[in-house]
Number of protein chains: 2
Amino acid sequence: MIPTQMLKGVLDGCILAVIGRRETYGYEIAEMLRGYGFGRIAEGTVYPLLLRLERGGLIEATYRDSAAGPRRKYYRLTAQGQEALRAFWAHYRALSSAAEALWQDTEGKSDEQTH
Amino acid sequence: MIPTQMLKGVLDGCILAVIGRRETYGYEIAEMLRGYGFGRIAEGTVYPLLLRLERGGLIEATYRDSAAGPRRKYYRLTAQGQEALRAFWAHYRALSSAAEALWQDTEGKSDEQTH
DNA sequence: GTGATTATATTGTAATGCAAGGTATTGAAA
DNA sequence: TTTCAATACCTTGCATTACAATATAATCAC
């Protein structure tokens with residue numbers, strides 16, 4: 001299980017990415033994230049985050065009836081949301097590169113100690 | 001600049017990694033992280049985090065005089081800290097893989113929309 | 001002695017994942 | 001009919017943590 005703290009500041013971008021693929025709703029987004037390997041993301045996490053993104057103008061929603069259950073709130077990216085998605089991944093890349101560089105050095109050091 | 005929220009839950013592991021390379025102190029750790037590309041990590045971030053790791057038994061410290069400035073507090077990993085470092089990277093790998101998989105799909109989708 | 005650099009530490013704030021709880025719809029089992 | 005599971009949305013309050021701001025102090029150049 002990925003620690004909750006490690007998801008902070010990453011989940012919002014990932015949700016933007018999921019919505020960017022195609023229109024979808026909260027319940028399904030949680031399932032998708034699980035499918036991608038993020039682990040079970042609580043509904044108490046997903047829904048507040050979606051509302052935050054909606055209020056921020058990054059996504060917009062339409063309610064639609066479902067054949068099996070209550071109506072769904074389908075989200076799609078706004079132009080602003082697409083821009084935010086790009087910015088998010090640029091930042092993620094920066095973090096990822098830094099972590100990777102650090103990890104390389106750490107591994108080298110472990111080898112020295114082991115051998 | 002990497003958003004501060006994105007650093008949450010990552011910084012502690014990165015600091016463990018830096019200390020794992022060799023004994024070092026707070027001020028230098030902040031400089032190293034900057035060198036790796038994490039951006040400027042504030043002192044108000046580094047010192048509380050070091051104290052937290054120390055209290056948690058993941059690192060231990062020795063004060064040493066410096067030739068140019070006040071004394072330094074040198075940290076090194078404990079056995080528990082080395083274990084925590086391994087666990088951290090395992091979790092980071094999981095997050096990284098999930099994000100990468102999601103990003104791949106997103107990129108494909110962008111292509112479709114573009115072409 | 002004045003400022004710059006080096007160095008550690010504390011306090012309070014803002015952001016956010018999530019547990020816990022609530023509401024409501026559909027369909028199958030009892 | 002009642003009950004349960006699965007689906008679907010939302011809110012409240014808590015715990016964690018990066019950081020700005022601030023304080024303290026030692027060394028060295030001017």
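Put simply, CE on B/Met1 is 13 Å from P on D/dA18, counting in whole angstrom units. Spacing between atom CD of A/Gln5 and atom P of D/dA18 amounts to 7 Å, rounded to whole angstrom units. Rounded to an integer number of Å, the gap from A/Tyr75 OH to D/dA8 C1' is 11 Å. Here the P atom of nucleotide D/dC9 and the CG atom of A/Asp65 are 12 Å apart, to the nearest Å. In this structure, A/Leu7 places its CG atom 14 Å from P of D/dA18, rounding to the nearest Å. Taking atom OH of residue A/Tyr25 and atom C1' of nucleotide C/dT25, one finds them 13 Å apart after rounding to whole Å. In this structure, CG of B/Leu16 is placed 15 Å from C1' of D/dT17, rounded to the nearest angstrom. To the nearest angstrom, P of D/dA18 lies 5 Å from CG of B/Leu11.
At a threshold of 4.0 angstrom between heavy atoms, the contacts of B/Tyr63 are confined to the sugar-phosphate backbone, with no base atom among them. Using a 4.0 Å heavy-atom cutoff across all strands shown, B/Lys8 reaches at least one base atom of the nucleic acid.
Ring-plane geometry between B/Tyr92 and B/Trp89 is classed as perpendicular, the angle between the planes exceeding 60 degrees on a 0 to 90 degree scale with a lower cut at 30.
The pair A/Asp65-A/Arg71 fails the salt-bridge criterion, with no side-chain N (NZ, NE, NH1 or NH2) lying under 4.0 Å from an Asp/Glu carboxylate O. Ion pair A/Lys73/A/Glu60 not flagged as a salt bridge, since none of the NZ, NE, NH1 or NH2 atoms sits closer than 4.0 Å to an Asp/Glu carboxylate oxygen. Salt bridge status for A/Arg22 with A/Glu28: present, with a side-chain N to carboxylate O gap under 4.0 Å.
Between the side chains of A/Arg76 and A/Thr24, no donor-acceptor pair of N or O atoms lies under 3.5 Å.
In the set D/dA18, D/dC10, C/dA7, C/dA7 carries the atom at the smallest distance from any side-chain atom of B/Pro70.
The shortest side-chain heavy-atom distance between B/Tyr36 and A/Trp103 does not fall under the 4.5 Å cut-off.
Each of A/Gly9 and B/Ala68 was matched to the nucleotide of DNA chain C holding its nearest heavy atom; the match closer to the 5' end belongs to B/Ala68.
Here the closest non-hydrogen pair linking B/Phe38 and B/Cys14 is CZ-SG, 3.5 Å. Looking at every heavy atom in both residues, B/Gly20 comes nearest to B/Leu77 through CA-CD1, 3.6 Å. Taking all atoms of both residues into account, the shortest heavy-atom contact from B/Leu16 to B/Ala84 is CD1-CB, 4.0 Å.
Residues from residues 26-43 of chain A placing a heavy atom under 4.0 Å of any atom in DNA chain D, listed by number, are A/Gly26, A/Tyr27, A/Glu43. Listed by residue number, B/Leu49, B/Arg52 are the residues of residues 46-59 of chain B with a heavy-atom contact under 4.0 Å to DNA chain D.
Close to D/dA8, at under 4.0 Å from its OP1 or OP2, lies a side-chain N or O of A/Ser66. Phosphate proximity of C/dG17 to A/Thr45: absent, as no side-chain N or O sits under 4.0 Å from OP1 or OP2.
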